[in-house]
There are 2 protein chains.
Amino acid sequence: MYNNCLVGQSGGPTAVINASVAGVINNAVKSAEIDHVYGVVNGIEGVMQERIFDFDKEDYKELKMLRYTPSSILGSCRYKLKDFNTSDAEYVKIFNVFKKYHIKYFFYIGGNDSMDTVDKLSSYAKATGFEIYIIGIPKTIDNDLNGTDHTPGYGSAAKFIATSVMEIARDGDAYEKDIINIVEVMGRNTGWLAAASALARCDYLGAPDLIYLPETTFDLDEFLSDVSDCYHQKKRITIVVSEGIKNERGDYVFDNKQNSTCLKDSFGHTQMGGTGFILGKIVRDKILRRVKVIELGILQRCAMHFASMTDVDEAYQCGYDAVDYALDGNNGQMVSIKRLSNEPYAILTTLVPIGEVANVEKKIPLDLIDVKNRFVKKEVIDYIKPLIIGEVPINTENGLPRFANLKKRFVEIVR
Amino acid sequence: MYNNCLVGQSGGPTAVINASVAGVINNAVKSAEIDHVYGVVNGIEGVMQERIFDFDKEDYKELKMLRYTPSSILGSCRYKLKDFNTSDAEYVKIFNVFKKYHIKYFFYIGGNDSMDTVDKLSSYAKATGFEIYIIGIPKTIDNDLNGTDHTPGYGSAAKFIATSVMEIARDGDAYEKDIINIVEVMGRNTGWLAAASALARCDYLGAPDLIYLPETTFDLDEFLSDVSDCYHQKKRITIVVSEGIKNERGDYVFDNKQNSTCLKDSFGHTQMGGTGFILGKIVRDKILRRVKVIELGILQRCAMHFASMTDVDEAYQCGYDAVDYALDGNNGQMVSIKRLSNEPYAILTTLVPIGEVANVEKKIPLDLIDVKNRFVKKEVIDYIKPLIIGEVPINTENGLPRFANLKKRFVEIVR
């Protein structure tokens with residue numbers, strides 16, 4: 001009888017989600033209690049399809065590169081399990097696969113929705129008396145997970161956004177001509193990513209001049225008046241907007257008749273994008289013809305080439321520690337980051353019951369937003385600052401990043 | 001009587017245009033024949049406005065950072081001088097400033113249009129017997145300058161584009177879901193930037209799957225058929241399009257009724273952007289709903305955080321050597337890069353008469369384009385490959401790049 005472990009990824013990719021896989025592997029292979037370290041392709045969907053492979057069969061050189069390889073190398077999914085009290089067909093399927101592959105430890109790396117999966121699977125295991133230790137490992141560039149100081153993935157996205165805003169503002173300053181840059185960043189309901197742009201501002205750079213967050217109501221007239229005032233004062237300005245800014249009715253600004261490509265994912269979330277484009281059009285009509293709209297888009301989550309070393313290290317540690325927590329007999333918990341001190345910055349990992357995490361979104365507290373100046377307060381900047389420290393050693397080949405590649409040949413179980 | 005030198009920047013910013021300024025300064029300050037090393041704010045426009053400052057008065061620590069600071073730190077302009085045979089008012093003004101500030105050497109860093117300025121100024125100097133040595137220093141991410149193997153600025157943009165395409169394709173591969181990524185890159189009339197994306201393709205990455213260049217006719221039906229075939233075969237594909245792709249009538253695909261924000265700059269060039277957006281809409285309607293459009297936009301030219309070391313070094317060398325060429329008595333010439341060998345890669349600088357450069361655009365030769373497979377031939381890849389080698393040491397402060405800052409306090413001449 002084997003005791004194997006399985007690791008899967010779910011939700012949107014980040015620059016550091018593979019560092020968590022590396023952490024799981026490096027700790028699990030050392031453990032006498034774990035026989036095989038398996039990976040599953042495309043998360044829980046892949047479990048149902050038995051798309052399971054053995055890290056042991058992979059090239060060691062490639063596995064070593066995992067830590068600095070962006071995007072979800074195992075493959076991801078967005079799959080919402082039904083409530084097992086209503087329909088347990090999916091659960092029967094999944095636990096049959098766990099049984100067949102002797103999975104005693106299951107690690108699931110993801111965000112809010114993925115923790116919902118961890119919650120349901122661990123509850124089902126408890127309800128049916130199936131012995132398995134399921135641990136969630138946090139991941140999301142949005143930093144919207146409850147129960148953890150911050151999420152792995154956020155620091156690298158924050159660093160990329162602040163750096164890009166800095167470079168974009170410099171670019172705008174090259175000309176004597178007036179310019180309004182509008183930078184659209186990700187963030188459906190939370191403004192942590194937009195807030196990270198605030199780190200670019202310093203004594204020699206005013207950008208970002210205005211930041212618009214989903215936490216506060218977006219009023220178009222107010223926006224135009226802010227932008228107009230700021231522009232007339234400074235002539236070359238850079239504005240950062242969250243894709244998810246909402247009007248006083250709580251509707252996305254994006255979600256209007258000017259753009260009908262409003263899509264929903266399988267969790268029912270509206271797919272954003274276009275906010276900057278629409279605002280750019282309006283500003284061009286009303287304030288200044290020379291407007292540049294920069295939608296940072298998926299570069300925010302896949303750019304490993306200027307990722308945060310702190311973030312990579314923490315993602316790795318969350319994966320590494322998850323194995324210890326599972327071996328200690330925990331189930332239905334998420335690894336959480338606890339900040340011990342800010343200067344010097346120090347963290348440790350701990351556990352949080354998954355029910356406190358799943359399906360809750362952590363927003364920027366309203367009292368930390370400087371609504372009047374369209375900025376964030378010092379507390380927010382101090383909170384983000386340590387998360388972007390350090391640069392990642394990029395392994396290059398012919399001048400381009402050389403990322404890991406896995407063969408992922410499926411395990412064949414003969415019974 | 002002083003012999004001073006003046007350096008200015010013009011045209012679009014690049015990641016390495018300041019490295020050329022650093023090259024000029026570092027050579028000029030050593031020369032016994034040059035008294036003051038001046039910079040001019042906003043190019044030739046700034047000369048007319050006497051916005052001239054002395055590098056000697058700047059903080060040495062800041063000047064040291066110039067080499068790795070993106071965008072045009074001196075400030076840029078897009079100003080087209082009139083033909084002096086028609087109207088010499090601007091020339092009288094400019095040469096009065098040269099006289100007043102004892103400018104004997106003038107270095108102008110820019111692209112096609114800037115070389116037009118160098119051409120006209122040096123011709124006017126010759127026609128009027130004014131002793132001045134004017135040298136053009138090449139700069140443009142587009143790589144469309146005649147008379148040089150390639151241009152400083154191109155290598156870094158090429159590296160950023162190829163890296164981004166690699167990371168975007170990885171991001172798309174995270175999901176099992178079908179996806180068509182459309183990456184829009186800069187390039188009005190030449191496809192060098194789009195072609196650089198080809199470097200991302202390797203034995204473990206198919207992206208970019210299709211590349212569309214302005215050099216060949218863009219036919220929408222052909223495009224849809226290419227994309228449809230490629231998509232049905234591979235399910236997750238990445239397409240790169242130049243912003244300047246043209247239809248069989250030679251019109252920009254962008255320049256249609258779906259988008260009326262077509263602007264022109266003062267050289268009469270149409271301001272691009274939106275090509276990817278329009279194509280994305282069409283592909284979404286006709287082939288697949290899940291289309292991501294990524295417009296790399298100005299990040300291509302301002303991203304120093306993953307610039308090419310080769311490019312930075314060559315930009316510096318062009319600036320450095322320009323001083324020697326001027327001291328040798330050359331006038332109305334551009335510094336040009338000559339490739340001595342590809343393996344090992346070696347270059348030297350030489351001079352090219354400015355008339356061969358100004359107002360000419362170097363395109364990708366048609367016989368080096370693989371029209372059938374919507375790709376570029378091996379010769380193009382071999383040509384670009386050495387230009388993206390090496391990473392730049394980024395000086396960071398709080399996890400963000402720390403770029404140079406200049407005070408630029410104007411020189412006051414009392415006569």
Side-chain angles (χ1 to χ4, degrees), chain A residues 9 12-13 41-42 45-46 69-73 75-78 159 162-164 166-168 170-171 173-176 199-200 202 204 261 263 277 281 284 289-290 292-299 301-306 308 310 385 387-391 394 396 398-401 403 405, chain B residues 9 12-13 41-42 45-46 69-73 75-78 159 162-164 166-168 170-171 173-176 199-200 204 261 263 277 281 284 289-290 292-299 301-306 308 310 385-391 394 396 398-401 403 405:
Chain A
Q9 296 173 324
V41 175
N42 295 116
E45 279 194 296
T69 295
S71 188
S72 313
I73 198 159
S76 187
C77 72
R78 288 193 189 279
K159 186 180 182 109
T163 301
S164 297
M166 200 174 232
E167 293 175 334
I168 287 165
R170 284 246 169 196
D171 189 279
D173 279 341
Y175 290 103
E176 195 70 341
L199 274 71
C202 57
Y204 53 86
T261 54
L263 306 170
F277 183 79
K281 247 180 123 166
R284 212 174 272 129
R289 198 94 192 99
R290 194 158 179 262
K292 284 208 170 143
V293 177
I294 302 102
E295 194 188 318
L296 291 182
I298 54 174
L299 291 177
R301 69 182 188 196
C302 63
M304 169 53 80
H305 59 268
F306 201 59
S308 153
T310 300
K385 238 177 182 171
L387 313 182
I388 66 163
I389 299 294
E391 288 70 57
I394 293 291
T396 57
N398 294 322
L400 295 177
F403 298 133
N405 294 295
Chain B
Q9 295 173 324
V41 175
N42 295 116
E45 278 193 297
T69 295
S71 188
S72 312
I73 198 158
S76 187
C77 72
R78 289 193 189 278
K159 186 178 182 111
T163 300
S164 297
M166 200 173 232
E167 292 175 334
I168 288 164
R170 284 246 169 197
D171 189 279
D173 279 341
Y175 290 104
E176 195 71 340
L199 275 70
Y204 53 86
T261 54
L263 306 169
F277 183 79
K281 249 180 123 166
R284 213 174 271 128
R289 198 96 191 96
R290 194 157 180 262
K292 285 208 168 139
V293 176
I294 303 102
E295 195 187 316
L296 292 182
I298 54 174
L299 292 177
R301 69 183 189 195
C302 63
M304 170 52 81
H305 59 268
F306 200 61
S308 153
T310 301
K385 237 176 182 170
L387 312 182
I388 66 164
I389 299 295
E391 287 69 58
I394 293 290
T396 57
N398 295 321
L400 296 177
F403 298 133
N405 295 296

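Worth knowing before you read on, the calculation uses all heavy atoms, side chains too, and leaves out hydrogens, waters and symmetry mates. We name chains A, B, ... by the order of the sequence lines, and we start the count at 1 in each one.
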- Out of curiosity, A/Cys302 SG to B/Asp173 CG, how far, rounded to the nearest 0.5 Å? 11.5 Å
- Message: Please identify, among A/Arg301, A/Met304, A/Gln9, the residue contributing the most non-hydrogen atom pairs under 4.5 Å to chain B.
- Response: A/Arg301
- Message: As an exercise, state the distance from NZ of A/Lys159 to CG of B/Asn398, rounded to the nearest 0.5 Å.
- Response: 10.0 Å
- Task: Using non-hydrogen atoms and a 4.5 Å limit, figure out which bit of A/Asp171 sits close to chain B: side chain, backbone, both or neither.
- Result: both
- Query: Relative to chain A, which segment of B/Thr69 carries a heavy atom at a distance below 4.5 Å: side chain, backbone, both, or neither?
  - Reply: side chain
- Query: From A/Leu299 CG over to B/Ser164 OG, what is the distance, rounded to the nearest 0.5 angstrom?
  - Reply: 5.0 Å
- Sort B/Leu387 into side chain, backbone, both or neither according to what part of it lies under 4.5 angstrom from a heavy atom of chain A. neither
- Nearest heavy atoms of B/Cys77 and B/Glu45, plus distance in Å: CB-OE1, 3.3 Å
- Note on the structure: Note: vs chain B, highest number of non-hydrogen pairs under 4.5 angstrom among A/Arg170, A/Glu391, A/Lys385 is A/Arg170
- Report the option among B/Val293, B/Ile394, B/Thr163, B/Thr310 that has the most heavy-atom pairs separated by less than 4.5 Å from atoms of chain A. B/Thr163
- So OH of A/Tyr175 and CZ of A/Arg290: to nearest 0.5 Å the spacing works out to 7.0 Å
- Item | Portion of A/Ile389 that has a non-hydrogen atom of chain B nearer than 4.5 angstrom | both
- Item | Residue part contacting chain A, namely of B/Asn42, when any heavy atom lies under 4.5 Å | side chain
- Query: At a heavy-atom separation under 4.5 Å, does A/Ile294 approach chain B through its side chain, its backbone, both, or neither?
  - Reply: side chain
- Query: Using a cut-off of under 4.5 Å for heavy-atom pairs, which of B/Ala200, B/Gly46, B/Ala303, B/Pro70 has the most such pairs with chain A?
  - Reply: B/Ala303
- Query: Which atoms of A/Glu176 come close to chain B, meaning under 4.5 Å heavy atom to heavy atom: side chain ones, backbone ones, both, or neither?
  - Reply: both
- Please state whether the rings of A/His305 and B/Phe306 are parallel, tilted or perpendicular, taking 30° and 60° as the class boundaries. tilted
- Task: Sort A/Leu296 into side chain, backbone, both or neither according to what part of it lies under 4.5 angstrom from a heavy atom of chain B.
- Result: side chain
- Item | Spatial distance of atom CG (A/Asn405) from atom CD1 (A/Ile73) [nearest 0.5 Å] | 6.0 Å
- Task: For chain B, find which of A/Pro401, A/Gly75, A/Gly12 contributes the most heavy-atom pairs closer than 4.5 angstrom.
- Result: A/Pro401
- Task: Might you point out which heavy atoms bring A/Leu400 and B/Leu199 nearest each other, and give the distance in Å?
- Result: CD1-O, 3.3 Å
- Picking from A/Ser72, A/Gly390, A/Ser76, A/Gly297, which has the most non-hydrogen pairs under 4.5 angstrom with chain B? A/Ser76
